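As the structure is a prediction and not an experimental result, all values here were calculated from the model.
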Amino acid sequence: MMRLKVTFVLFLLILPLALANLRVGFYRRSCPNAESIVRAAVRRRLSRDKSITAALLRMHFHDCFVRGCDASILIDSNSKSSSEKDAGPNLTVRGFELIDEAKKALEGTCPSKVSCADIITLATRDAVFLSGGPFYFVPTGRRDGLVSDPDEVNLPGPTLTVSEAFQAFRAKNMSMDDMVTLLGAHTVGVAHCSFFLDRITRPDPTMDRGLAAKLRSICGAASGTNPDPTAFLDQATPFAVDNQFFKQIGLKRGVMKIDQELANDPLSRRIVSGFAANATLFRTRFAQAMVKMGNIQVLVGKAGEIRKNCRVFNPRRRI
């Protein structure tokens, strides 16, 4: 009976993926080395730039929350039309050249097989793992989108309350637990001073005084060449994917408003406390939440396309 229950639970976990036509090992026959090629590109970049993990996590989130995980964020604007890259929230998204590098290698090995949407997803997973986070299997088989419109970019901002931010996550069928877990990605992120200046220019009882003084020093060093400095969102282990972020916000050391509110709001503080006390729990839930986010509104089958260049749509065929 126990064996039957376990099988049934596994079936329920696998069923949503099967319905979406995504599956682990999608490229096993069409491009056997796809995942190792992407991982090699990530490893090379990470060896010289540890901040790339945060960049990829942000890119993946910004992509999936606009039209779904379809690589629409990668499209360059041109003289005829603007793309998602031109939208305000995406102006500081980076890491595009890493995706280009992986795509070029894949096209040289197995042309027109691996989507740019899957490259973003795989590269993010690998960066998380190589930065000390969990390794998790990524269902693949996404197709690339055919639309990239800056007017469709409407992402939850850092000044929102927990309930306001949750509205955006709930619209994507994500739970409060999912939201808190995914915001744990701030364990490797940075924020420009302009996003939290109001919290340090006047007394804020929800921020540790020592942190406020440190942030004022960082932001006070703004100059003509660096008008909007950045600060780590995790002041303890800024390049490691771990549960330190949750421990920090529990000590009033959250940099952005939304981060600190996670620890203060009754809707989320129990989840925060759980992650702060249990690193294994956070690793497990983070892996689950990342896979779930990677399934948002995916294109599969014959929908969309497999771009040859992630920055431009494929030329349209004339009928």
Side-chain angles (χ1 to χ4, degrees), residues 13-14 16-17 22 24 35 38-39 42 46 50-65 69 95 118 120-140 155-156 158 162 165-166 168-170 172-191 232-250 254-256 258-263 265 267-296 298:
L13 290 172
I14 293 171
L17 303 183
L22 298 181
V24 174
E35 295 197 22
V38 173
R39 188 173 304 119
V42 173
L46 195 60
K50 293 185 183 299
S51 70
I52 193 62
T53 302
L56 288 171
L57 281 163
R58 188 162 182 246
M59 180 193 295
H60 192 26
F61 171 72
H62 282 221
D63 183 46
C64 291
F65 268 61
C69 309
D118 275 342
I120 295 176
T121 307
L122 290 167
T124 303
R125 184 273 308 274
D126 293 335
V128 165
F129 174 65
L130 293 171
S131 297
F135 179 87
Y136 49 95
F137 291 103
V138 172
T140 45
L155 297 163
V162 170
F166 180 53
F169 283 80
R170 183 169 52 191
K172 300 299 181 183
N173 199 33
M174 306 293 279
S175 67
M176 176 63 71
D177 195 289
D178 292 327
M179 184 184 85
V180 176
T181 304
L182 290 173
L183 286 176
H186 288 174
T187 186
V188 289
V190 299
F232 291 119
L233 297 177
D234 177 349
Q235 295 288 310
T237 55
F239 294 115
V241 177
D242 56 23
N243 69 331
Q244 278 294 328
F245 168 78
F246 295 102
K247 292 183 178 182
Q248 292 289 301
I249 62 177
V255 175
M256 293 196 297
I258 183 58
D259 292 347
Q260 190 55 55
E261 291 227 349
L262 290 176
D265 195 297
L267 293 171
S268 52
R269 64 188 177 199
R270 179 187 57 80
I271 304 169
V272 169
S273 297
F275 288 154
N278 191 331
T280 300
L281 175 63
F282 170 63
R283 290 170 66 86
T284 300
R285 282 293 297 122
F286 190 72
Q288 293 169 341
M290 288 295 290
V291 171
K292 184 176 180 180
M293 184 181 76
N295 288 345
I296 294 176
V298 294

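Looking at residues two or more places apart in sequence or on another chain, you find a side chain to side chain contact (heavy atoms under 4.5 Å, CB included) between L281 and F275, N278, R285. Scored by the side chain to side chain donor-acceptor pair (under 3.5 Å) test, T121 finds no partners at all (sequence neighbours excluded). With sequence neighbours left out, K50 forms a side chain to side chain contact (heavy atoms under 4.5 Å, CB included) with F239. Legend: residues meeting side chain to side chain contact (heavy atoms under 4.5 Å, CB included) with L130, ordered by chain and number and at least two apart, are V42, R43, L46.
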Using atom types as modelled, flag every donor-acceptor pair under 3.5 Å from a side chain in residues 131-140 to any protein atom, sequence neighbours excluded.
from, atom 1, to, atom 2, distance (Å)
S131, OG, T53, OG1, 2.6
S131, OG, A127, O, 2.9
T140, OG1, R23, O, 3.4
T140, OG1, F26, N, 3.4

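Of all heavy-atom pairs spanning I249 and Q260, the tightest one is O-NE2, 2.9 Å. The two residues S268 and M176 make their nearest non-hydrogen contact at CB-SD, 4.4 Å. For the pair K292 and S175, the tightest heavy-atom approach, listed with the atom from each and the gap, is NZ-N, 4.1 Å. The nearest pair of heavy atoms linking A289 to M174 is O-CE, 4.0 Å. Residue G294 comes nearest to C64 through the heavy atom pair CA-SG, 4.3 Å, listed as atom of the first residue, atom of the second, then distance. Annotation for F286 and V241: closest pair CE2-CG1, 4.4 Å, computed over non-hydrogen atoms.
The main-chain N or O of G254 is never found under 3.5 Å from a side-chain atom of Q248 such that the two would form a donor-acceptor pair. Without hydrogens or angle criteria, N243 side chain to F246 main chain gives no donor-acceptor distance under 3.5 Å.
Annotation: the span from D63 atom CG to L56 atom CG amounts to 12.0 Å, rounded to 0.5 Å. We find the NE2-CZ distance between H60 and F65 to be 10.5 Å, quoted to the nearest 0.5 Å. To the nearest 0.5 Å, the span separating CZ on F61 from CG on L182 amounts to 7.5 Å. To the nearest 0.5 Å, the span separating CG on D242 from OG1 on T187 amounts to 4.0 Å.
A salt bridge (charged side-chain N to carboxylate O under 4.0 Å, His left out) check over residues 124-134, counting only residues at least two apart or in different chains, returns the pairs E35-R125, R39-D126.
A heavy-atom distance below 4.5 Å is not found between the side chains of T124 and M59. Using a 4.5 Å heavy-atom threshold, the side chains of V162 and L262 count as touching. Residues I271 and M179 are not in side-chain contact: their nearest non-hydrogen atoms beyond the backbone lie 4.5 Å or more apart. Residues M293 and I296 form a side-chain contact, since some pair of their non-hydrogen atoms from C-beta on lies under 4.5 Å apart.
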Discussion item. Does D234 form a side-chain contact (heavy atoms from CB on, under 4.5 Å) with H186? I'd like the steps, not just the answer.
Written reply: CA-CA 7 Å; D234 177 349; H186 288 174; over 6 Å; no
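Between the side chains of T181 and D178, no donor-acceptor pair of N or O atoms lies under 3.5 Å.
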